[in-house]
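Below you'll find the structure, written out as structure tokens, and then a few comments.
Counting convention: from 1, in listed order, for ligands and their atoms alike. Given the structure is predicted, the values throughout are model-derived calculations rather than measurements.
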Amino acid sequence: MVPVHDLGVAALAILGVAFLIGWSSARLNQATLLWGIAHLSLAGATFTGYRYHLQPESQWLGTAATLLTGFFLASLHGGTNFLRGRIIGPGALIGRSLGVAFLIAVVGFGGDKNAGSILVLGLMMLVYGVSAYLCLRMHYRLLAAAFSLKTAAFLLYFLEPSTIGTPFQNPDVLAVGWVSSVLLGLVLVDAAIAQTRQRLTNVIKHLPDALVARRLDGKILFCNDRFAQLAGSTSPAELEGQQVPLLTREQEEAEAMFRKVNAMVRSGPLDEPMRLERSITPARGEAFPAEIIFSSYMDLGYPVILGLIRDLSERKRGEEERLHQANTDQLTGLPNRRFLEQQLDAVLWIAQRQHTQCAVLLIDLDHFKKVNDTLGHAFGDEILRDIAQALRDQLKPGDLLARLSGDEFALVMAGLPSLMSILEVEARALALLQLIRRQFKSDDMDYQIEATIGVAFSGREGLSAPVLLQHAEVAMYESKARGRGGWCFFESDMDERLAESLRLESALRQAVPRAELRLHYQPIYSCSTGRMAKAEALVRWESPQLGWVPPGRFIPAAEESSLILELGQWILEEAIRQAAQWRAQSSFAPVVSINVSVRQFAQPGFESQVFALLDRYGLPPSGIELELTETLLASDQENLPALLHRLHDAGVGLSLDDFGTGYSSLSYLSRFSLNTVKIDRSFVMGLQESSRNHSLVRAIISMAHSLHLNVVAEGVETWRQYEILKAEGCDYQQGYLLGRPMAAEQLRAHPQVVAGEESNIPDAVI
Ligand code: C2E
Ligand code: MG
Ligand code: MG
């Protein structure tokens, strides 16, 4: 006959093994592991404990029973604590088990055996009781009830205290103990399963995406809170068994999709999840963009379709934000070049189809760099924002405005009916120029901001956006070259000119380093003595790529590109060196006239550069004369009068070149410290034919004399001109008649006296 105790042992061992099987399927659930260990230990403890009672002389049985009891108590408690989120490590478990075993041994072996049994029972009751309490607090009610039953079962042992710990306990009491054990085990297994299920439910519940599982007939098997919320339901349970809502306004399209997914799943589970982007319309609230992912699985032989709805609003917003940033100029908030080019392509495409025109107005600010450099970037930024706003305020429907770069804006006028719209575009360009023009004062300095505009029409050829913008740019440069503050239409030969000027510029860059420049000198004779008094230094350039290039072509190009500074410095040094060399070698000492461009003069340190060179070559300041242009005098350079004054005072000659061709303002002659006026060749040319020219020349000479200025006549080509000029009292003459520009050594050998004038020269001088 099987002993009652052994039946109990078997029941506990099966329970323990059941726990361990449960643990093996959900390894993270330490509670099932610990409870498994606990009940296997209890089975062992009961087995050995009972044997020990039968053979009290076998001490090892008692020791084993005590140790196993210790393990049982510590593991059971550890497992229950795990449900509260407290994880117990193997070291702590063994430590606690040994501690409890030691306590039992001290009481049991050291003292009364009954006392040991009572202690064990007491501890078991305590651990089960605490477990019942913890489970109740965590709302595991069934589990709490089972633990309570187990605790209560132990109380029965105390009903017959004389049999405690003996094999002769009341079988009914033992039966209650086993039943409660089995009951507890079942409940615990259920709790472990419930825990695992709860965890899965929590994951699904807290999923930020909406999740729904449906059958082929559209009935919902389960869904999460987010899906219930989209469907306008308070809880997912409410939706179970109902028809899945389509959550869109495009019902037809959604139904087609529903059927398509069904058809695919019917032919077998989906190998790959199916993804699509759609707008989702929830039962309440705004529609939003979403990604819908379908997958499928088999549930008890029936296909189930899993749908996941991911809200893409955030991502789309981020993408839109990034796109906006990539297309927007951060400073002004206007569209940038990239955006304009994209839009312009579309505008051009439409224009071609509608047989309309569009015009690009490229607006470049003048003098902005000066404002930026002197008043700081923050101030410059403020101006750009201000101008951007003004441009934005004048926009008309269909216009496109963008900031292309630093001080460059573009306005696209679209939908112009025909090329006759030129007048409209012209009016717009003028209005823009006025809109942008602004003047202000800062630190007693006057600043003026203007714009230059280049206009290009789309024409009929179907141009691309970059080409059209390039045309507008070419027109803008052309307009700048004609004088800032205006506007200019693109013409097809401008491209050619631009390319040529770029070729010229790149060749010119090499001119100084490769020593391709030479200075030629043209003699200037005194009318009173007939002797060569001065020589004008004129630069010559023979480029290996372009051949001989006249200064009238490359000097303006150099002026545009600041190359003139390098070039000018070379010319200045070479002319001073040559003048000093003539003086040092012989009595030949013409004053050397040096042409100086506006930008050279405006360059800081120009004055010290001149004096340093004079010093280096040992030439007195009176050995040179600087030829200035009227453009320089009109340039409003703040410290120009003082600078000219200092040069003049030091003895450097200053002459005004090409007088009569530019502004010809008489006020310059009196305002600046000049020595000489050079009458332009165009007046000299017409001297014989036109009495008007004659009168003009006479007036210039007498006016210059009244201001104590000398007069040089340029471009004298005939003896008749020579005679007239001499008779009118002109002081010096220069021209092909008297000598062409020539190399320095040739000038040295050139007649020192004008032919036929030798008689005028005092003997001492000859
Ligand atoms: P510019 O300063 O008025 O120089 C006089 C120009 O008239 C020279 O032309 C000279 O060769 C030319 N010329 C002189 N006499 C006659 C004549 O009787 N008939 C004709 N038809 N022409 C005559 P070039 O050398 O071609 O220089 C043209 C301009 O280039 C100069 O005009 C000057 O503005 C500029 N340039 C020349 N060399 C330099 C230079 O070294 N520095 C600067 N900044 N500009 C220079
Ligand atoms: Mg000159
Ligand atoms: Mg001249």
Side-chain angles (χ1 to χ4, degrees), residues 504 508 511-512 516-525 532 534-542 548-579 591-603 606 609-610 624-632 635 653-662 664 674-688 700 711-722 725 730 732-744 746-747 750 754:
L504 187 71
L508 197 56
V512 174
E516 292 166 11
L517 300 174
R518 299 271 174 281
L519 281 191
H520 276 189
Y521 298 87
Q522 186 176 30
I524 302 172
Y525 289 88
M532 189 196 295
K534 313 184 196 189
E536 180 176 1
L538 294 160
V539 68
R540 296 291 174 258
W541 175 35
E542 179 135 32
W548 194 83
V549 188
R553 238 183 87 202
F554 72 82
I555 293 283
E559 270 170 346
E560 251 171 48
S561 66
S562 79
L563 270 170
I564 192 70
L565 299 180
E566 199 187 343
L567 223 72
Q569 181 168 9
W570 181 86
I571 292 166
L572 195 66
E573 175 159 6
E574 177 56 19
I576 290 177
R577 189 198 61 73
Q578 185 58 61
V591 171
V592 174
S593 285
I594 306 167
N595 293 285
V596 180
S597 85
V598 179
R599 290 191 64 171
Q600 251 180 300
F601 241 103
Q603 183 194 15
F606 172 73
Q609 190 186 346
V610 172
I624 59 165
E625 189 175 70
L626 302 181
E627 289 198 9
L628 321 175
T629 57
E630 283 182 289
T631 323
L632 171 71
S635 69
L654 297 173
S655 73
L656 180 56
D657 204 356
D658 305 336
F659 186 75
T661 52
S664 306
L674 302 171
N675 307 85
T676 307
V677 174
K678 294 185 82 171
I679 304 177
D680 190 66
R681 191 162 61 89
S682 53
F683 296 97
V684 175
M685 250 159 48
L687 260 184
Q688 291 148 272
I700 295 172
V711 179
V712 177
E714 287 185 302
V716 180
E717 292 185 352
T718 65
W719 284 112
R720 182 82 191 105
Q721 289 165 351
Y722 181 85
L725 288 162
C730 181
Y732 300 93
Q733 302 207 29
Q734 170 186 6
Y736 290 173
L737 174 75
L738 308 169
R740 288 186 174 249
M742 59 193 93
Q746 285 172 311
L747 188 80
H750 201 70
V754 178

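Around the Mg ion (ligand 3), the protein N, O or S atoms closer than 2.8 Å are Asp657 OD1, Asp658 OD1, Glu714 OE1, Glu714 OE2, listed by chain and residue number.
Polar contact with ligand 1: absent for Gln600 (N/O pair, distance under 3.5 Å). Of the N or O atoms in Asp658, one or more lie within a sub-3.5 Å distance of an N or O in ligand 1. Residue Val539 has at least one N or O atom closer than 3.5 Å to an N or O atom of ligand 1.
Residue contacts with ligand 1 for Arg681 involve side-chain atoms from C-beta outward but no N, CA, C or O (heavy atoms, distance under 4.0 Å). Neither the backbone nor the side chain of Arg740 comes within 4.0 Å of ligand 1, counting heavy atoms alone. Residue-level proximity to ligand 1 for Leu538 is carried by backbone and side chain together, each with a heavy atom below 4.0 angstrom. Neither the backbone nor the side chain of Thr629 comes within contact range of ligand 1; no heavy atom lies under 4.0 Å.
Looking at atom 15 (N) of ligand 1, its nearest protein heavy atom turns out to be Gln522 NE2, 2.9 Å. Scanning the protein for heavy atoms near atom 30 (O) of ligand 1, the closest one is Pro551 CB, 3.6 Å. Residue, atom and distance of the protein heavy atom nearest to atom 19 (N) of ligand 1 are Glu717 OE2, 2.5 Å. Ranking the protein heavy atoms by distance from atom 12 (C) of ligand 1 puts Tyr736 OH, 4.3 Å first.
Assignment of Gln734 to the shell around ligand 1 is not supported, since no heavy atom sits closer than 4.0 Å. Within the structure, the closest approach of Pro550 to ligand 1 does not fall below 4.0 Å when heavy atoms are considered.
Near Gly735, meaning under 4.0 Å from one of its heavy atoms, ligand 1 places the atoms 15 (N), 18 (O). Under a 4.0 Å criterion applied to the non-hydrogen atoms of Gly715, ligand 1 contributes the atoms 15 (N), 16 (C), 17 (C), 18 (O). Taking a cut-off of under 4.0 Å to the non-hydrogen atoms of Val716, the atoms of ligand 1 that pass are 18 (O).
Inter-residue side-chain proximity for Glu714 and Asp657 is flagged as met; some heavy-atom pair is nearer than 4.5 Å. Leu628 is listed as a side-chain neighbour of Leu674, based on a closest heavy-atom distance under 4.5 Å. At least one side-chain heavy atom of Thr676 sits less than 4.5 Å from a side-chain heavy atom of Lys534. Side chains of Phe659 and Ile679 form no contact here, defined as non-hydrogen atoms less than 4.5 Å apart. Between Val596 and Leu632, every side-chain heavy-atom pair lies at or beyond the 4.5 Å cut-off.
Shown here, atom 2 (O) of ligand 1 is in close reach of the protein: a heavy atom of it lies under 4.0 Å off. Protein heavy atoms are absent from the 4.0 Å sphere centred on atom 32 (O) of ligand 1. Within the 4.0 angstrom cut-off, atom 7 (O) of ligand 1 has no protein heavy-atom neighbours. Atom 39 (C) of ligand 1 lies below 4.0 Å from at least one non-hydrogen atom of the protein.
Closest to atom 43 (C) of ligand 1 by heavy atom, among Asp657, Leu628, Asn595, is Asn595. Among Glu574, Arg540, His520, the residue whose heavy atom sits closest to atom 25 (O) of ligand 1 is Arg540.
Using a 30° and 60° split on the angle between ring planes, Tyr525 and His750 fall in the tilted class, from 30° to 60°.
Between Ser597 and Glu559, the closest heavy-atom pair is CB-OE2, 2.8 Å.
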